[in-house]
Amino acid sequence: LSSRVFREKFRENYSRFGIALLPLALTGFMAFHFYYLVNLGIQLPMLLSRNFDVALFRQLVITVPSHAVLIGQQIIIAAGFVWTLVTMYRIGRAANVSAGKALFGMAPHAVAAVVLATTFMTFMRQFFFAS
């Protein structure tokens, strides 16, 4: 459908719009590691206080609720999704077509982005917070 709108071969269209999914993939990677940054990164001051005997770091014990981490992960993925949609729109507009045609041409790729973002959010919840 998209290749017909832009009058190009399937491979050309796929390679052009496939690059637009990179922001979503990047933020999915970032959201996955956000859990470890928040939950394991707070142990760094405790390690510094034990190994270097710095009393200041003993007071920096922070606990983060798990729902706050999940919300942070979802915000990161949502930002990547919006970034991906903007990238897709700009790629579509670069083909010198009208805004309506660009939106229609990016629709199949936007559906793939929705599926990918939803999958990321579901897997984050299941992997880190399933009981």
Side-chain angles (χ1 to χ4, degrees):
L1 183 65
S2 180
S3 61
R4 287 183 183 173
V5 169
F6 294 110
R7 294 186 182 116
E8 58 191 6
K9 293 182 181 178
F10 176 78
R11 286 183 139 169
E12 293 171 2
N13 186 272
Y14 184 75
S15 65
R16 221 165 35 102
F17 280 95
I19 207 108
L21 293 173
L22 287 177
L24 185 57
L26 171 70
T27 55
F29 177 81
M30 289 170 52
F32 182 82
H33 288 89
F34 178 73
Y35 174 85
Y36 295 110
L37 175 70
V38 170
N39 288 321
L40 298 178
I42 61 172
Q43 294 180 3
L44 186 61
M46 292 186 297
L47 289 172
L48 289 173
S49 71
R50 283 189 206 142
N51 292 333
F52 297 110
D53 197 29
V54 179
L56 174 67
F57 290 130
R58 288 189 191 118
Q59 300 167 358
L60 293 176
V61 176
I62 302 168
T63 56
V64 180
S66 61
H67 69 277
V69 175
L70 180 62
I71 290 170
Q73 287 177 322
Q74 290 176 345
I75 288 171
I76 291 170
I77 293 171
F81 175 69
V82 170
W83 186 7
T84 292
L85 290 181
V86 169
T87 305
M88 284 180 186
Y89 179 74
R90 293 187 65 169
I91 287 172
R93 289 292 289 163
N96 294 326
V97 295
S98 67
K101 272 189 145 181
L103 288 173
F104 187 70
M106 71 174 250
H109 304 287
V111 169
V114 167
V115 169
L116 191 59
T118 306
T119 303
F120 282 162
M121 287 186 184
T122 303
F123 285 166
M124 294 297 166
R125 180 179 289 121
Q126 292 296 321
F127 187 79
F128 291 114
F129 306 106
S131 49

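Everything numeric in this text was worked out from a predicted model, so none of it was measured. All values below come from the heavy atoms of this structure, side chains included, with hydrogens, waters and symmetry mates left out.
Contact of the F120 side chain with the T27 side chain is not registered, since no non-hydrogen atoms from C-beta on lie closer than 4.5 Å. In this structure the side chain of T84 never reaches within 4.5 angstrom of the side chain of L116, judged on heavy atoms. Residues I77 and M30 have side chains not in contact (no heavy-atom distance under 4.5 Å, counting atoms from C-beta outward).
Across all their heavy atoms, V69 and F129 have their closest contact at CG1-CZ, 3.9 Å. Between G28 and M124 the shortest heavy-atom distance is O-CE, 3.4 Å. The two atoms that bring M88 and A20 nearest to each other are CG-CB, 3.5 Å, heavy atoms only. The shortest heavy-atom contact between L24 and A113 is CD2-O, 3.5 Å.
Residues satisfying the ring pair (Phe, Tyr, Trp, His ring centres under 6.0 Å) test with F123, not counting sequence neighbours, are none. Residues meeting the ring pair (Phe, Tyr, Trp, His ring centres under 6.0 Å) test with F81, sequence neighbours left out: none. Taking the ring pair (Phe, Tyr, Trp, His ring centres under 6.0 Å) definition, one finds that F128 meets it with F32, Y35, Y36, sequence neighbours left out.
Residues V86 and I19 do not share a hydrophobic cluster, clusters being chains of Ile/Leu/Val/Met/Phe/Trp/Tyr side chains in contact below 4.5 Å.
To the nearest 0.5 Å, atom CG of residue L70 and atom CE of residue M121 are 9.0 Å apart. Interatomic distance, CZ of F29 versus CG of L22, reported as 13.5 Å (0.5 Å rounding).
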